[in-house]
There are 2 protein chains.
Amino acid sequence: MSDHLLAAIGGKIKEKRLNKNLSQEALASRAELDRTYISGVERGKRNVSLLNLFKIAQALEIQATELIDIGVTND
Amino acid sequence: MSDHLLAAIGGKIKEKRLNKNLSQEALASRAELDRTYISGVERGKRNVSLLNLFKIAQALEIQATELIDIGVTND
DNA sequence: GAGAGAGTGTGACTTATAGTCCGTAGACTT
DNA sequence: AAGTCTACGGACTATAAGTCACACTCTCTC
């Protein structure tokens, strides 16, 4: 529960972004967020808030659930 | 994309909490958050960050995806 | 039908950090 | 070498995190 979680989510975002052939800047523009912010998010340096998560998902044309659907077990 | 989204997620949290017969205070305790914070989240007054979302999901013994899996279409 | 206890809503507040805006530097492409 | 893309830093502003006191509603018991 912490950094690697954000990194995993950041990785997902990067993956989806590349799938769509978008630059960080293009994604940032679509999501109305800052390019350096997207950079930080993808590198797991940012603890994104829900509204921004949804903005990013929308910019990527995917469900927000896809972005946080990482292997998190409730062991 | 905004308040009603947070309210919808808050509603989900409340629903899951009640399913588990937990009080806000009990949930807050499990998630190591403040009771009034949980109250605000459930009422959609708080734009929760990812880490806290995961804390809450873990406290509810569910996947975080379940909490944000509301009817959001990419129309 | 007053008093106690559990559960919740809410406003106000301080502190931590989310998020922006400026920049520089390096990798890669054409 | 000019253009594109990204990592990263510093300085700032906006807002989330976190806490408190108090009010209110129930329900139960005396």
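None of the values given here were measured: they were computed from a predicted structure. First the proteins, then the strands, lettered A, B, ... as listed; each starts at 1.
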Nearest listed nucleotide, side chain of [X], among [options]:
| X | options | answer |
| --- | --- | --- |
| Arg46(B) | dG18(D), dC5(D), dT8(C) | dG18(D) |
| Thr36(B) | dA21(D), dT6(D), dG19(C) | dA21(D) |
| Arg35(B) | dG9(C), dC20(D), dA7(D) | dG9(C) |
| Leu33(B) | dG19(C), dG18(D), dG9(C) | dG18(D) |

- Item | Within 6.0 angstrom of Lys14(A) NZ, more than 12 heavy atoms from elsewhere | no

Under 4.0 Å between a side-chain N or O of [X] and OP1 or OP2 of [N]?
| X | N | answer |
| --- | --- | --- |
| Asn52(B) | dA17(D) | yes |
| Arg43(B) | dT10(C) | yes |
| Asn47(A) | dA17(D) | no |
| Gln24(A) | dT4(D) | no |
| Tyr37(B) | dG18(D) | no |

Given atom [atom1] of [X] and atom [atom2] of [N], what is their separation to the nearest angstrom?
| X | N | atom1 | atom2 | answer |
| --- | --- | --- | --- | --- |
| Asp34(B) | dT14(C) | CG | P | 17 Å |
| Lys55(A) | dT15(D) | NZ | P | 10 Å |
| Leu51(B) | dT17(C) | CG | P | 11 Å |
| Glu25(B) | dG18(D) | CD | C1' | 15 Å |
| Glu32(B) | dA17(D) | CD | P | 16 Å |
| Lys45(B) | dT10(C) | NZ | C1' | 10 Å |

- Task: May I ask you to say what Ser49(B) touches in the nucleic acid, namely base, sugar-phosphate or nothing, with a heavy-atom cut-off under 4.0 Å?
- Result: sugar-phosphate

- Locate the shortest heavy-atom distance separating Ala59(A) from Arg30(A); write the atom from each residue and the value. O-NH1, 3.2 Å

- Message: Heavy atoms within less than 4.0 Å of DNA chain C: which residues of residues 11-18 of chain B have one? Give them sorted by number.
- Response: Arg17(B)

